[in-house]
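Some notes on the structure that comes next.
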Amino acid sequence: MNWAGLLLGASGALALGGGLLAVVVRRPGDAVRALALAMLGVAGTLFALGSNFAALAMLLLLGTGVPAASLAALASRPDEGRTTRSSRAAAAALIGAASLGLLWRVMVTAQWPAVGGPREIGPAWTGFRLLTENLLALVFLAALLAVAALGALATATAHVAPGGEAGGPERSGDESGAGRAA
Amino acid sequence: MTLTIVLAVAAALFAIGLAGAAARRSHLGALVGFELMIGAAALAAVALTLLAGRDSTLGQVIAVILIGVGAAAAVVLLALHIAASRPP
């Protein structure tokens with residue numbers, strides 16, 4: 001087995017192991033660290049497939065997103081007191097198993113076209129294509145990121161009214177966060 | 001054979017992320033599951049374009065766009081998490 005096969009196997013195992021760990025652990029900080037392992041595994045798998053540009057983009061997301069999520073986990077309330085009900089865990093496991101079976105059926109057993117075409121595509125060529133033929137998608141992506149950043153700033157800096165009437169972000173956070181735990 | 005294994009890994013990772021997003025209650029838990037699903041989708045996009053014999057640049061462009069969408073969702077979910085965990 002060559003180095004690419006070894007890298008592919010190790011990265012796939014790292015991605016699956018990190019993903020499982022991120023879902024299983026209860027503390028937010030541990031979940032973020034396990035997510036970092038999983039994303040590192042995905043980046044390694046992309047690199048082993050020859051997709052260096054996508055692997056670098058995934059590493060960029062890892063380098064920016066994981067520290068931010070770690071800071072958010074530090075700023076959040078401790079989660080140890082909450083317990084997941086067994087019915088909810090069973091429903092989540094059922095959803096995961098059903099989606100895995102469906103995806104396995106479609107992706108692995110489908111008859112895909114024959115392999116061929118160019119494969120040795122470098123990051124420079126990918127960047128060129130991204131900035132020429134796929135420029136519209138890149139512009140839309142930049143606009144989406146800008147809107148998301150502005151919305152996140154507005155949400156994170158929103159103040160609660162003195163009478164206890166919280167704004168939209170506070171109320172929505174209660175509904176999907178602590179409100180559901182009650 | 002190798003690409004089939006990669007597709008199987010992507011399918012398993014997507015299922016794990018979906019189950020995690022359904023099981024966790026906090027915004028951070030949902031973010032972890034969502035990011036796992038985005039990574040699986042990017043992996044599947046690259047593997048499928050290679051398997052179909054197309055120009056692999058197309059898969060990489062799709063993967064980069066998916067990663068950007070994941071970053072935007074992460075920004076919003078982290079802001080919601082911070083706003084929800086702020087003491088009254």
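Letters A, B, ... are given to chains in the order of the sequence lines, protein chains preceding strands, and every chain is numbered from 1.
- Counting heavy-atom pairs closer than 4.5 Å to chain A, the top residue among B:I67, B:V75, B:L77 is B:I67.
- No single ILVMFWY cluster, assembled from side-chain heavy atoms under 4.5 Å apart, contains both A:L21 and A:L40.
- Only the side chain of A:L8 comes within contact range of chain B, with heavy atoms under 4.5 Å apart.
- Taking A:L46, A:L56, A:V147 one by one and counting their heavy-atom pairs under 4.5 Å with chain B, the maximum is reached by A:L46.
- Under a hydrophobic-cluster definition in which Ile, Leu, Val, Met, Phe, Trp and Tyr are linked whenever side-chain heavy atoms come within less than 4.5 Å, directly or via other members, A:V25 and B:F34 are assigned to different clusters.
- The nearest pair of heavy atoms linking B:V32 to A:A22 is CG1-CB, 3.5 Å.
- Options B:L18, B:V61, B:I62 differ in how many heavy-atom pairs under 4.5 Å they form with chain A, and the most are formed by B:V61.
- Among A:A69, A:G65, A:A38, the residue with the largest count of heavy-atom pairs under 4.5 Å with chain B is A:A69.
- Using a 4.5 Å cut-off between heavy atoms, A:L20 touches chain B through backbone and side chain atoms alike.
- Contacts of B:A63 with chain A are made by side-chain atoms alone, with heavy-atom separations under 4.5 Å and no backbone atom involved.
- The backbone N or O of A:F47 lies less than 3.5 Å from no partner atom in the side chain of A:S51, so there is not a single donor-acceptor pair.
- Comparing B:L43, B:V76, B:V64 by heavy-atom pairs within less than 4.5 Å of chain A, the highest count is held by B:L43.
- Interface summary for chain B: among A:A137, A:G41, A:A57, the most heavy-atom pairs under 4.5 angstrom belong to A:A57.
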